[in-house]
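Let me begin by presenting the structure, written as structure tokens, before commenting on it.
Letters A, B, ... are given to chains in the order of the sequence lines, protein chains preceding strands, and every chain is numbered from 1.
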Amino acid sequence: ILGGRTSRPGRWPWQCSLQSEPSGHICGCVLIGKKWVLTVAHCFEGRENAAVWKVVFGINNLDHPSDFMQTRLVQKIILHPRYNRAVVDYDISIVKLDTDINVTSYVRPICLPNKKHSVEPDTYCYITGWGHMGNKMPFKLQEGEVRIISLEQCQSYFDLKTITSRMLCAGYEAGTVDSCMGDSGGPLVCEQPGGRWTLFGLTSWGSVCFSKVLGPGVYSNVAHFVEWIERQIYIHTFLLN
Amino acid sequence: CINSTCSGSCGSSLNCETHQNQTNCGQCEPITLELCMNLPYNYTHFPNYLGHRTQKESSISWESSLFPALVQTNCYKYLMFFACTILVPKCDPQTTQRIPPCRSLCELSKERCESVLGIVGLQWPEDTDCSQFPEEKSDNQTCLMPDDDVEECSPSHFKCRTGRCVLMSRRCDGHADCEDDSDEENCGCSQRGLWECPSNKLCIKHTMICDGFPDCPDQVDEKNCSSCKDDELECANHDCVPRDQWCNGHLDCRDSSDEWNCVSLSKSVNSTTFLTIHKSAADYHVCADEWQEDLSQLACNQLGLGGPYMTETIEDHDQRNRQNWLRLHSDWKNKNASTFHELLVKGQLCQSRQRIALLCTKEDCGRRPAARMNKR
């Protein structure tokens, strides 16, 4: 995260780290159920074998495992069948864990939005991750507040890429607060009335975040995929066992 | 390197301990950079002349944004060709070495376009020192020059009738970008080789019609995609499956859509939520005979509601409903079923004449633990 700040441990209990040896943290991810995690499809490019991955929950400092940490292996990776790596559209995937997580204060699922519940432009939301900070990779989870930007306005920043309805843009023209390499798959969450937090986006792509080319970040629009997510969870829970 | 240190690949020095940086070197690779897909050559060789090690690195580079933007100013007819010769250099299939652009092509590009960049406070890319490129030779073998018929615009550009290139994202956006407005002509979907959603004029690719994913708001792109017989139902992917196989607990549609939405809760006038099963294309009540609480949990889980639940049994003396009952299979405990609805059978008498109503609750989500209070 560029322009963010270090998070307090447990503040974002749905944030997880998708890890693979020998590199360790590769991408962010989001807990949506006891056995289910969302991330983006591009995290698995060239690494689609579930056996090479593990998912770490309840962690704040990647370098210092905490007592609240839970680790699970990956049983199944479900990539969106329309994922297109050339244009980074339909950039979403579901990860089935080998066993349920234990819900604690530090490990809790986020709510999914309703199918037609899109977040309005100018809403302020939060992004989190262990991605690049512009000058270094952090050990501690970072958080940043970003503003939702309309698709039309977002398109004007990215002449060479088409911004589709499967995407959501958030950030600032000057790129002051933005996601960066290593944040991919992590959450963009907004607080709803009643203090409940809902997952509206997954960090997907943007300009080279610490270069001269700035602009907002582009996130996978979770509301667009809710029906697909629910169906995949149903199929892989009840029908394909 | 595999040992996770970073090094320039394919360099003259062997930076990785076990010479890993020399793998896959000396090979021509197909051009995948969309900007440069219409070049008179199809194979490239990396690193390129801007120091990028891969096409992916090239595609997200500053220069791959700069050149397409600069091309729109019409500063030099062959600017995009020059840009591509340094972004994705031509690979010589005989020698598997990259072929550079000619020095004069570089110099002309720089001479005509550098000043345009200066107007907006930007600099010509530092790594494009033209003296590194060879002079054009008489046999034209050592460096690249554009032919007359070379495409001036990249595939990411629209070519105005005047010859100017404007970005494809600006075509049909309601604003004229070509001097002759040609980027705002023929903006219908069909003229652009696309299909138009009738309700909102959205253009979608023909491959997106009848592919099982609705793209138009009214899902019209997924209608009339199959001709199922009267005794068949249409799967989401438009296969046809016999009605009696719908919600039978077995996957009959290839996309498993015959087993979706088989269990639901339907509200009655007094807001009781009756457990309803959609089987063989009809809705059924569930008889309370032999009911056990773990069945309520299974039904709620199948609805995606895994939280606490409450079961009620409601009397129903209306004999007209007799045909609409499903009863637990006599041997349901030994059936080893993964879904609730495959435990139920039609055509059995419901002796209790009571039907199941359920109240399922969603599992808790989206709550953060309260911050601990510390007296200061």
pair [X]-[Y]: side-chain heavy atoms closer than 4.5 Å:
| X | Y | value |
| --- | --- | --- |
| B/Ser256 | A/Ile235 | yes |
| A/Arg231 | B/Asn261 | yes |
| A/Gln155 | B/Arg170 | no |
| A/Trp197 | B/Cys365 | no |

Practice task
Count the heavy atoms of every other residue, nucleotide or ligand shown that sit under 6.0 Å from CD of A/Gln192, and state whether that count exceeds 12.
Solution key: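 It does: A/Gln192 CD has more than 12 such atoms within range.
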
Problem - N/O donor-acceptor pair under 3.5 Å between A/Tyr234 side chain and B/Leu303 backbone - result: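 Looks like no, no N/O pair under 3.5 Å.
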
Practice task
Hey, could you give me the CG/OG distance between B/Asp173 and A/Ser156, rounded to the nearest 0.5 Å?
Solution key: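 If I round to the nearest 0.5 Å, the distance is 11.0 Å.
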
Handout entry: Rounded distance (nearest 0.5 Å) linking atom OG of B/Ser65 with atom NZ of A/Lys161
Key =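 Spacing of OG (B/Ser65) from NZ (A/Lys161) equals 10.5 Å.
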
Problem - Exercise: identify the closest heavy-atom pair between A/Pro81 and B/Phe213 - result: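 Of all heavy-atom pairs spanning A/Pro81 and B/Phe213, the closest is CG-CZ, 3.5 Å.
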
Practice task
Please look at A/Pro109 and chain B and tell me whether the side chain, the backbone, both or neither of the residue comes under 4.5 angstrom of a heavy atom of that chain.
Solution key: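 Its backbone and side chain both get close to chain B.
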
Practice task
Give, as side chain, backbone, both or neither, the part of A/Ser105 having an atom under 4.5 angstrom from any heavy atom of chain B.
Solution key: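 Contact with chain B is through both the backbone and side chain of A/Ser105.
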
Handout entry: Among the listed options B/Gly306, B/Gly304, B/Gly366, the residue most often paired with chain A at heavy-atom distances under 4.5 Å
Key =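 Option with the greatest count: B/Gly366.
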
Problem - Selection from B/Glu34, B/His157, B/Glu259, B/Met168 maximising heavy-atom pairs under 4.5 Å formed with chain A - result: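 The option with the most such pairs is B/Glu259.
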
Exercise for the section: Give, as side chain, backbone, both or neither, the part of B/Ser64 having an atom under 4.5 angstrom from any heavy atom of chain A. Expected result: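 For B/Ser64, the backbone is the part near chain A, not the side chain.
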
Practice task
Please look at B/Phe340 and chain A and tell me whether the side chain, the backbone, both or neither of the residue comes under 4.5 angstrom of a heavy atom of that chain.
Solution key: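 For B/Phe340, there is no contact with chain A at all, as no heavy atom is under 4.5 Å.
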
Handout entry: side-chain hydrogen bond (donor to acceptor under 3.5 Å, both in side chains) pairs, two or more places apart, involving residues 203-217 of chain B
Key =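 Every side-chain hydrogen bond (donor to acceptor under 3.5 Å, both in side chains) pair that includes a residue of residues 203-217 of chain B, provided the two are not neighbours, is A/Arg82-B/Asp211, A/Arg82-B/Asp215.
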
Exercise for the section: Given side-chain contact (heavy atoms from CB on, under 4.5 Å), test A/Phe238 with B/Leu298 step by step and report yes or no. Expected result: CA-CA 10 Å; A/Phe238 295 101; B/Leu298 176 59; 4.1 Å; yes

Practice task
Could you name each residue pair satisfying salt bridge (charged side-chain N to carboxylate O under 4.0 Å, His left out) that touches residues 360-370 of chain B, not counting sequence neighbours?
Solution key: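 Listed once each, the pairs are A/Lys34-B/Glu363, A/Arg196-B/Asp364, B/Asp364-B/Arg367.
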
